[in-house]
Amino acid sequence: MTSQKAAVLRALHVPGDPLVLPNVWDAASARAVREAGFAVVATGSAAIARVLGYDDGEATPVAEMLAAVGRIARVVEVPVTADIERGYGLKPAELVERLLATGAVGCNLEDSDPGTGQMIDPAEQADFLAEVRAAAGGDLVINARVDTFLGGAGTREDAVARAHRYLEAGADCVYPILAPDPAALAAAIGGPVNVIFHKGSPSLAELAAMGVARVSFGHGLHAAAHAHAVHLFGRVREGHNPYL
């Protein structure tokens, strides 16, 4: 079953017809995404961290993060892909074993240090991804995040070079988060590319026309839902009916 779900997830990464992933943060949001008709459920590490009472950046104990992923995978029958930051310090074989035990069949892996924000040497990251691939075989769809643009000073050349290394190391898709020109980057990379959807993003149709293979929402939907909840709490505190 794991291999079948991984194969389904892998096949949905189609440049020009992207897999759309509104990232979830708990079992209830996972059920809601599935009921909305999405074929895959993706977790967001920042959102889950906040739900569990931790900061983003691998501040969540690995056992708690994986338990949250497991609860999400338990309530849906579709493939689940998990944002697991940079692996929480686990060795590749243990990371793969523990992740697959949750029921997830995909993962995001970052190439910057979650604590410092410093970029990892691309050769080191490629070796790490290759070890994850070797341990997982075909049972895990690897989405390799490229953090070149996170600090705002990265170059397209660096992002493309890293993307090529990671695809050669066994990644199924690359994720140059916050890339300023997804169309040019997708063309230069020549493999499946994930982009993040944010307030200023092109439409989903425009992103499809750019040739991207995957669109995810990160922690944005959780942030919006939380902001709405804060508004409702304020209405109650002011003595108003929050449902009007």
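One-based numbering along the sequence shown.
- We find that Arg145 and Glu110 are joined by a salt bridge, their nearest charged nitrogen and carboxylate oxygen being less than 4.0 Å apart.
- Side-chain contact between Val146 and Tyr175 is absent, with no heavy atoms from C-beta onward closer than 4.5 Å.
- The distance from atom CG of Leu207 to atom CZ of Arg214, rounded to the nearest 0.5 Å, is 14.5 Å.
- The side-chain heavy atoms of Asp56 and Ser45, taken from C-beta on, include a pair separated by under 4.5 Å.
- Considering Ile196, Val212, Val215, Asn194 as possible partners of Pro182, the one that fulfils the side chain to side chain contact (heavy atoms under 4.5 Å, CB included) test is Val212.
- Using a distance-only test at 3.5 Å, with no hydrogens or angles considered, no donor-acceptor pair links the side chain of His222 to the main chain of Val24.
- Here the side chains of Val40 and Val80 are not in contact, with every heavy-atom distance at 4.5 Å or above.
- Using a 4.0 Å cut-off between a side-chain N of Lys or Arg and a carboxylate O of Asp or Glu, Asp172 and Arg133 qualify as a salt bridge.
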Next item on the list: Start with the C-alpha gap between Ile177 and Phe149, add the side-chain angles, then the distance that decides, and say whether side-chain contact (heavy atoms from CB on, under 4.5 Å) holds.
Entry: CA-CA 7 Å; Ile177 190 168; Phe149 300 108; over 6 Å; no
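- Residue Pro79 comes nearest to Ala39 through the heavy atom pair CD-O, 3.5 Å, listed as atom of the first residue, atom of the second, then distance.
- No chain of hydrophobic side-chain contacts below 4.5 Å, direct or via other Ile, Leu, Val, Met, Phe, Trp or Tyr residues, connects Val105 to Val76.
- The two atoms that bring Glu58 and Arg86 nearest to each other are OE2-N, 2.8 Å, heavy atoms only.
- Taking 4.0 Å as the cut-off between side-chain N and carboxylate O, Glu131 and Lys91 do not count as a salt-bridged pair.
- Nearest approach of Leu109 to Gly87, heavy atoms of both residues: CD2-N, 4.1 Å.
- Paired with Leu19 under the rule side chain to side chain contact (heavy atoms under 4.5 Å, CB included), one option of Thr81, Val14, Leu12 passes, and it is Leu12.
- Sparse packing is recorded around NE2 of His219, with 12 or fewer heavy atoms of other residues, nucleotides or ligands lying under 6.0 Å away.
- Residues Val41 and Ile142 are members of one and the same hydrophobic cluster, defined by side-chain heavy-atom contacts under 4.5 angstrom among Ile, Leu, Val, Met, Phe, Trp and Tyr.
- Residue His198 places its NE2 atom among more than 12 non-hydrogen atoms of other residues, nucleotides or ligands, all under 6.0 Å distant.
- For residues 63-122, no residue pair satisfies the ring pair (Phe, Tyr, Trp, His ring centres under 6.0 Å) rule, not counting sequence neighbours.
- Between Leu232 and Val236 there is no side-chain heavy-atom pair separated by less than 4.5 Å.
- No more than 12 heavy atoms of other residues, nucleotides or ligands lie within 6.0 Å of NE2 in His226, so this atom counts as exposed by the packing criterion.
- Arg34 contributes a side-chain N or O that, together with a main-chain N or O of Phe38, makes up a donor-acceptor pair within less than 3.5 Å.
- Counting non-hydrogen atoms of neighbouring residues, nucleotides and ligands closer than 6.0 angstrom, the CD atom of Glu64 exceeds 12 such neighbours.
- Both Val33 and Val20 belong to a common hydrophobic cluster when Ile, Leu, Val, Met, Phe, Trp and Tyr are linked at side-chain heavy-atom distances under 4.5 angstrom.
- Side chain of Ser216 to main chain of Gly218: no donor-acceptor pair is present (N/O by atom type, distance under 3.5 Å, no hydrogens or angles).
- No side-chain donor-acceptor contact under 3.5 Å links His231 to the backbone of Ala227.
- The structure places CG of Asp83 at 11.5 Å from CG of Leu21, a figure rounded to the nearest 0.5 Å.
- Distance check, rounded to the nearest 0.5 Å: CD of Glu85 to OG of Ser112 gives 9.5 Å.
- Val62 and Ile48 end up in the same hydrophobic cluster when Ile, Leu, Val, Met, Phe, Trp and Tyr side chains are linked at under 4.5 Å.
- Put simply, the side chain of His240 never gets that close to the backbone of Pro242: no donor and acceptor are under 3.5 Å apart.
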Item checked: Test side-chain contact (heavy atoms from CB on, under 4.5 Å) applied to Leu150 and Asp147, step by step -> CA-CA 5 Å; Leu150 269 182; Asp147 290 352; 3.6 Å; yes
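- With Asn23 contributing its side chain and Trp25 its backbone, the two residues share no donor-acceptor pair below 3.5 Å.
- Looking only at side-chain heavy atoms (C-beta outward), Val8 and Gln4 stay at 4.5 Å or farther from each other.
- Atom CG in Leu140 sits 13.5 Å away from atom NZ in Lys5 (nearest 0.5 Å).
- Between Pro15 and Ala213, the shortest heavy-atom contact is N-CB, 3.7 Å.
- Counted within 6.0 Å of CZ on Arg50, heavy atoms from surrounding residues, nucleotides or ligands total more than 12; the atom is thus considered enclosed.
- Without hydrogens or angle criteria, Asp121 side chain to Glu124 main chain gives a donor-acceptor distance under 3.5 Å.
- In this structure, a donor-acceptor pair under 3.5 Å is present between the side chains of Tyr166 and Asp111.
- Asp139 and Thr2 form no side-chain donor-acceptor contact under 3.5 Å, judged by distance and modelled atom types alone.
- Atom OG1 of Thr43 sits about 7.5 Å away from atom CG of Asn108, to the nearest 0.5 Å.
- Leu99 and Phe128 fall within the same hydrophobic cluster, where Ile, Leu, Val, Met, Phe, Trp and Tyr residues are linked whenever their side-chain heavy atoms come under 4.5 Å apart, directly or through other members.
- Heavy atoms only, all atoms of each residue included: Leu221 and Pro22 are closest at CD1-CB, 3.4 Å.
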Next item on the list: Decide side-chain contact (heavy atoms from CB on, under 4.5 Å) for Thr148 and Arg162; before the verdict, give the C-alpha distance in whole Å, the side-chain angles of both, and the deciding distance to 0.1 Å.
Entry: CA-CA 9 Å; Thr148 300; Arg162 284 175 177 269; 3.6 Å; yes
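- Under the salt bridge (charged side-chain N to carboxylate O under 4.0 Å, His left out) criterion, Glu94 pairs with Arg98, sequence neighbours left out.
- Here Asp26 does not pair with Arg71 in a salt bridge; the nearest charged N to carboxylate O distance is not below 4.0 Å.
- The OG1 atom of Thr60 lies 4.0 Å from the CE atom of Met65; values are rounded to the nearest 0.5 Å.
- The side-chain heavy atoms of Ser203 and Glu206, taken from C-beta on, include a pair separated by under 4.5 Å.
- The heavy-atom pair separating Leu66 from Thr102 by the smallest distance is O-CG2, 3.4 Å.
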